[in-house]
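Notes follow the structure.
We number each residue from 1, following the sequence as shown. In listed order, ligands and their atoms are each counted from 1. In what follows, every heavy atom counts, from backbone to side chain, and hydrogens, waters and symmetry copies are set aside. Since we're looking at a predicted model, the values are computed, not measured.
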Amino acid sequence: MDTNGNGRLYNIAVIGATGAVGKVFLDIIEKRPFPLKSLKLLASARSAGSRIRVRGDDLTVEETTPQAIRGADFVFISATDEISQEYAPIAAREGAVAIDDSGVWRMDPDVPLIVPEVNAADLDAGRRIVAIPNCSTTPLVMALAALHPVSPVRRVVVSTYQSVSGTGAAAMRELTDQSRQALDGATNIPGEVYPHQIAFNLLPHIGSFKEEGYTSEEWKMVRETRKIMHLPDLQMAATTVRVPVYVSHSESVNVVLAEPVAPEQARALLAAFPGMAVIDDPAVAGYPHPVQTAGADPVYAGRIRRDLSHPNGLAMWLVSDNLRKGAALNAIQIAEAMIERKQV
Ligand code: A2P
């Protein structure tokens, strides 16, 4: 057991403990000095009774029920939208803080949407449901927040290259199965998770198609960025693409600032921003890439250069582990920030 500055220890319930994000959550909690009193692992009835070893204890996975989260200080939810919709208010009513990974609560004006390095102050509203952003929004807002105090962000164009783990464990299995079949010569392999073959392919389609021809994932990036940055009128457009990568999302970002910022200065600002790291040495093929960043905590920036299409423009490349900073790590950091701010 660990103690923290308050000397208090906290009861945690994890809904979705058997999922792609849940597993990473448990891996992080095992290694981080989180002031943990007890850990309850919850999933669907399918997983009830299975055992997972965490911090030296064999814990039994239980079915998610209102009784199962009673007594928790924090309830982390990364399961389905329906479960988030149902259980975040139950957790809040029971006196816990629900930290939710779904898209259900993010745009609710009464729910803070938090990346602690960017907008931890939004936690001070004292809400009991807190949302974490979409895994492609988090790296972007961190890079923007690094530049914004020096030269305000005016316009953002982003294209993403998102890994299949963002969809969940079933999508990771689909990529493996299809890759084997494709290497054996199969083509046009039908999928169950994605509408087309994902192995050796890429799909400019994440979520569902919405207004103006943009997908729900693209709208999430735009709306969540505006909310987190407190820039409701930010000009922004996104194209989100699923790629046959297991873990880590990458993003090509073009940003227009109020005043020009030289690439060297941008590099220094990004490197100094908490939770970010810069790998930018083209002479030795130095740039972040998904294989390298999977399993690492920081948001990495590289390929930082002038955007030649605009005098105040910068272009850059971001890569970050979508299961860690994009989900589980950010959720744990929110709990830590709330403890530090004495809100729990
Ligand atoms: P289970 O493993 O029992 O299906 P992923 O994003 O990797 O697909 O993981 C989804 C997570 O959400 C899993 O832990 C899954 O549990 C959990 N889950 C899915 N449906 C429910 C449900 N109805 N109640 C509780 N947890 C659920």
Side-chain angles (χ1 to χ4, degrees), residues 12-30 39-54 58-70 72 74-92 94 96 98-106 129 131-138 162-178 191-195 198 206-208 216-217 220 240 242 244-249 294-295 320-332:
I12 291 184
V14 184
I15 301 181
T18 53
V21 172
K23 283 182 185 147
V24 172
F25 185 96
L26 299 179
D27 180 57
I28 297 172
I29 215 78
E30 193 151 76
L39 189 58
K40 192 162 258 197
L41 308 186
L42 305 171
S44 76
R46 291 180 295 275
S47 305
S50 60
R51 294 173 87 79
I52 303 179
R53 199 170 179 80
V54 190
D58 268 329
L59 303 179
T60 303
V61 178
E62 295 174 38
E63 184 179 355
T64 306
T65 61
Q67 291 77 1
I69 59 172
R70 200 157 284 156
F74 292 104
V75 179
F76 293 94
I77 311 176
S78 186
T80 63
D81 284 356
E82 294 72 27
I83 290 290
S84 291
Q85 186 83 54
E86 185 181 349
Y87 276 88
I90 293 175
E94 292 283 334
I99 301 183
D100 185 59
D101 184 27
S102 78
V104 170
W105 298 101
R106 290 179 189 143
I129 301 176
I132 70 168
N134 189 43
C135 42
S136 51
T137 305
T138 301
Q162 296 181 222
S163 67
V164 296
S165 57
T167 316
M172 297 171 82
R173 285 193 296 273
E174 182 154 302
L175 174 58
T176 305
D177 293 345
Q178 289 185 351
E192 280 172 18
V193 177
Y194 297 116
I198 186 64
I206 302 184
S208 51
S216 51
E217 185 85 349
K220 279 182 197 173
T240 57
R242 189 70 69 189
V245 164
Y246 282 107
V247 176
S248 281
H249 289 354
S320 122
D321 184 324
N322 53 296
L323 301 174
R324 294 181 83 86
K325 188 56 187 167
L329 174 63
N330 198 57
I332 293 170

Can you report which non-hydrogen protein atom sits closest to atom 9 (O) of ligand 1, along with the distance? G19 CA, 3.1 Å

Picking from T137, N134, T240, what satisfies side-chain hydrogen bond (donor to acceptor under 3.5 Å, both in side chains) with E217? N134

From the candidates S165, A45, A79, A17, the one that places a heavy atom nearest atom 18 (N) of ligand 1: A79

A student checking ligand 1 against A43 at a 4.0 Å heavy-atom cut-off should list atoms 3 (O), 16 (O), 25 (C), 26 (N)

Salt bridge (Lys or Arg N to Asp or Glu O under 4.0 Å) between D27 and R324, intermediate numbers included: CA-CA 10 Å; D27 180 57; R324 294 181 83 86; 3.4 Å; yes

Quick check on contacts: which atoms of ligand 1 are under 4.0 angstrom from a heavy atom of R46? 4 (O), 19 (C), 20 (N)

Return yes or no for this condition: an N or O of I15 is under 3.5 Å from an N or O of ligand 1. no

Atoms in ligand 1 flagged as close to T80, the criterion being non-hydrogen separation under 4.0 Å: 19 (C), 20 (N)

Can you find an N or O of T167 that's nearer than 3.5 Å to an N or O of ligand 1? no

Considering only heavy atoms, does T18 approach ligand 1 within less than 4.0 Å through its side chain, its backbone, both, or neither? both

N/O separation below 3.5 Å, I83 to ligand 1: no

Can any side-chain N or O of H249 pair as donor or acceptor with the backbone N or O of S163 at less than 3.5 Å? yes

Please check whether G168 reaches ligand 1 - meaning an N/O of the residue sits under 3.5 Å from an N/O of the ligand, judged on distance alone. no

Which atoms of ligand 1 are found less than 4.0 Å from any heavy atom of A169? 5 (P), 7 (O), 8 (O)

Looking only at protein heavy atoms, what sits closest to atom 21 (C) of ligand 1 is S44 CB, 3.7 Å

With a 4.5 Å heavy-atom cut-off, do T167 and Y194 have their side chains touching? yes

Looking only at atom types and distance, does a side-chain atom of S78 sit under 3.5 Å from a main-chain N or O of G22, one as donor and one as acceptor? no

Can you find a heavy atom in the side chain of V61 that is under 4.5 Å from one in the side chain of R51? no

With heavy atoms of S47 as the reference, note each atom of ligand 1 found under 4.0 Å away. 1 (P), 2 (O), 3 (O)

D100 and S84 side chains, donor-acceptor separation under 3.5 Å: yes

Crowded around Q67 CD? As in, over 12 foreign heavy atoms under 6.0 Å? yes

Verify, without hydrogens or angle tests, whether T138 (side chain) and C135 (backbone) share a donor-acceptor contact under 3.5 angstrom. no

